[in-house]
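Right, one structure below, let's go through it.
Labels below follow one simple rule: chain letters A, B, ... track the order of the sequence lines, proteins then strands, and each chain is numbered from 1.
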Number of protein chains: 2
Amino acid sequence: MTALLPPLPEPPDPGDARTNLTLAATGEPEMLRADAARNRALLLDAASRLLVRCGAANLTMESVAAAAGVGKGTVFRRFKDRTGLLIALLDHREALLQAAFLTGPPPMGPDAPAAERLHAFGPALMRHERDHHELILASRTDPLRTYEVPAQRLRLSHVTLLLRQARAAGEPELLAHTLLGSIDTPLVHHLTCERGMDIDRLEESWHDLLNRYGVQR
Amino acid sequence: MTALLPPLPEPPDPGDARTNLTLAATGEPEMLRADAARNRALLLDAASRLLVRCGAANLTMESVAAAAGVGKGTVFRRFKDRTGLLIALLDHREALLQAAFLTGPPPMGPDAPAAERLHAFGPALMRHERDHHELILASRTDPLRTYEVPAQRLRLSHVTLLLRQARAAGEPELLAHTLLGSIDTPLVHHLTCERGMDIDRLEESWHDLLNRYGVQR
DNA sequence: GAAGTAAGCGGACCGTGGTCCGTTTAAAGT
DNA sequence: ACTTTAAACGGACCACGGTCCGCTTACTTC
């Protein structure tokens with residue numbers, strides 16, 4: 001195994017309350033048969049290694065299967081399609097971010113007032129997305145699929161909840177979409193890399209947007 | 001050397017809207033050889049017909065080539081790739097919308113005050129995108145490619161210009177991105193079709209967002 | 001109108017995503 | 001232990017996107 005990034009054990013562990021968070025994040029822990037669970041871990045590990053070696057663009061399903069020592073069909077059955085594999089890889093790397101805003105210390109964690117958490121969330125998300133932008137961009141093939149990604153849904157409901165708690169003006173869910181859209185990975189990447197915009201300007205705009213909806217720090 | 005291809009650099013976006021607009025709108029009309037121009041028209045026509053008959057998902061490059069009576073290579077040379085073909089089809093259908101906000105009557109056209117044009121633009125864009133959502137969604141494969149699509153660039157610079165004219169608060173270009181993002185096709189489709197949200201709520205949210213940045217009708 | 005040339009053409013060819021189906025195997029029942 | 005059964009496996013197979021390269025053809029020049 002030798003986890004590169006997260007010390008988080010992958011095995012499906014139903015019933016444990018603490019893993020319910022990851023459960024919400026991963027969507028379907030899906031009691032797997034022993035061999036299936038083992039192969040799933042092997043595949044994610046192999047994909048991670050290939051990813052750093054060859055980049056997302058050269059990550060083929062067959063190479064992942066070969067590197068994990070399983071058949072090609074196994075990869076597809078487990079992850080449905082290439083995008084599914086990339087999303088699984090991403091979800092796996094979100095543990096840190098999720099921990100930060102679900103159980104971490106202020107200003108992001110639950111011990112800070114909602115307004116403060118909101119203001120802190122944007123910049124943190126931008127940093128996180130910058131760190132994983134290659135994988136994120138590669139996983140955005142079907143534009144509608146985004147709304148089904150567990151991590152995205154978690155962020156959305158988190159922001160929506162905070163907006164409601166902070167008594168933000170307007171419809172919380174719509175505003176949450178607007179907020180998250182304003183710092184969506186492709187946009188941020190385009191503005192910073194292609195248009196040379198400073199990332200501080202984007203953070204500023206996040207705070208500005210919150211302020212205009214009555215969410216003062 | 002006969003410059004055939006695109007003068008796409010266009011890095012800075014100075015004030016001159018009109019020249020950029022036509023340029024951005026047409027993309028690359030670019031003097032083609034007679035046979036090439038004829039084949040381009042044949043291909044777009046064939047693709048259009050296949051689109052209504054079989055849907056975007058079943059539109060294969062080979063079938064388009066066959067329906068137009070040309071070789072497969074010709075399709076790729078003209079449109080670069082499948083996404084390029086879809087974008088070309090889309091651009092072709094944007095003529096009406098563009099005419100409406102570039103040269104049409106108030107409240108969208110140039111004879112209305114900027115604030116009014118902005119308020120009218122959102123709902124009109126949403127209607128347009130709903131009418132062509134299948135093609136739009138199918139063309140969104142590469143998330144960064146969106147920012148290169150002529151029609152998108154045109155919309156962005158149009159909204160940016162209007163925001164500047166209307167003395168909107170904040171950075172015009174960033175706000176333009178946020179505004180357009182809040183009614184982006186995939187989002188609108190998700191909210192209305194999957195979540196059962198009423199489209200009026202979305203229009204309302206567009207007006208609200210404008211108002212909060214000081215753009216009153 | 002002949003010659004020269006660069007763009008255009010077509011279809012064989014390749015790699016990869018995705019499916020299918022006969023075989024294997026983990027686990028639950030007896 | 002033996003049977004049963006549904007899940008998992010693997011790799012042959014297919015379709016489609018995209019490339020390549022030798023041939024053709026529209027324009028230019030003289």
Side-chain angles (χ1 to χ4, degrees), chain A residues 10-12 14 28-44 46-47 50-51 53-89 135 138-142 145, chain B residues 1-6 28-44 46-47 50-51 53-89 135 138-142 145:
Chain A
E10 181 57 21
E28 6 73 37
E30 302 275 346
M31 255 226 312
L32 292 172
R33 229 169 65 171
D35 51 353
R38 182 187 46 107
N39 281 342
R40 186 187 143 93
L42 284 176
L43 283 167
L44 284 176
L50 285 179
L51 198 59
R53 178 137 47 95
C54 318
N58 298 356
L59 195 80
T60 77
M61 296 299 263
E62 211 150 12
S63 69
V64 172
V70 306
K72 189 180 171 183
T74 303
V75 194
F76 282 94
R77 188 171 333 92
R78 191 57 46 213
F79 299 104
K80 162 98 167 142
D81 55 19
R82 199 183 110 101
T83 301
L85 171 60
L86 297 179
I87 289 175
L89 282 169
L135 199 44
S139 76
R140 294 282 185 92
T141 39
D142 176 3
R145 184 105 171 239
Chain B
M1 234 332 123
T2 68
L4 268 181
L5 275 193
E28 6 76 36
E30 296 307 327
M31 264 223 310
L32 292 171
R33 228 169 68 171
D35 51 352
R38 183 189 45 116
N39 282 342
R40 188 186 141 92
L42 284 176
L43 284 166
L44 284 176
L50 285 179
L51 198 58
R53 177 136 49 96
C54 318
N58 299 353
L59 194 79
T60 77
M61 296 300 262
E62 212 151 12
S63 68
V64 172
V70 305
K72 189 179 171 185
T74 303
V75 195
F76 281 94
R77 190 173 329 93
R78 192 57 47 213
F79 300 103
K80 163 95 168 147
D81 55 18
R82 199 184 112 102
T83 301
L85 171 62
L86 298 178
I87 289 176
L89 282 170
L135 199 44
S139 75
R140 295 281 185 91
T141 39
D142 177 3
R145 183 104 169 239

**OP:** Using a heavy-atom cut-off of under 4.0 Å over every strand shown, decide if B:Leu59 touches base, sugar-phosphate, or nothing.
**Re:**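 Sugar-phosphate contact only.
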Original post:
side-chain hydrogen bond (donor to acceptor under 3.5 Å, both in side chains) with B:Arg140: which residues, sequence neighbours excluded?
Top reply: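 Listed in chain order: B:Asp184.
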Original post:
Can you list the residues that meet the side-chain hydrogen bond (donor to acceptor under 3.5 Å, both in side chains) rule with B:Thr74, with sequence neighbours excluded?
Top reply: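 With neighbours one apart ignored, the set is empty.
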Original post:
Within the pair A:Asn39 and D:dC9, is there a side-chain N or O less than 4.0 Å away from OP1 or OP2?
Top reply: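 Answer yes for this pair, as a side-chain N or O of A:Asn39 is under 4.0 Å from OP1 or OP2.
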Might you point out which heavy atoms bring [X] and [Y] nearest each other, and give the distance in Å?
X	Y	answer
A:Leu86	A:Ala138	CD1-O, 3.5 Å
A:Leu51	A:Ala56	CD1-CA, 3.5 Å
B:Val64	B:Ala46	O-CB, 4.1 Å
B:Leu85	B:Phe79	N-CB, 3.7 Å

**OP:** Look up atom CZ in A:Arg38 and atom CG in A:Leu32, then write down how far apart they are to the nearest 0.5 Å.
**Re:**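 Those atoms lie 12.0 Å apart.
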Subject >> With sequence neighbours excluded, residues passing salt bridge (Lys or Arg N to Asp or Glu O under 4.0 Å) with A:Asp81 >> reply: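 A:Asp81: salt bridge (Lys or Arg N to Asp or Glu O under 4.0 Å) contacts with A:Arg145.
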**OP:** Taking atom types as modelled, find out whether A:Thr141 and A:Thr83 have a side-chain donor-acceptor pair closer than 3.5 angstrom.
**Re:**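 There is such a pair between these side chains.
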Original post:
Any donor and acceptor pair, going by atom type alone, linking the side chain of B:Arg82 with main-chain N or O of B:Leu59 inside 3.5 Å?
Top reply: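 Yes, B:Arg82 side chain to B:Leu59 backbone: donor-acceptor pair under 3.5 Å.
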Original post:
When the C1' atoms of the five terminal pairs at each end define the local axes, what inter-axis angle does the helix from C:dG1-D:dC30 to C:dT30-D:dA1 show, to 10 degrees?
Top reply: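 One end axis against the other gives 20°.
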Original post:
Going by number, which of residues 73-82 of chain A have a non-hydrogen atom under 4.0 Å from DNA chain D?
Top reply: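 Close to the strand are A:Gly73, A:Thr74, A:Arg77, A:Arg78.
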Subject >> Letter per nucleotide, 5' to 3', of nucleotides 22-30 of chain C [B base touched, S only sugar-phosphate touched, - untouched; heavy atoms, 4.0 Å] >> reply: ---BSS---
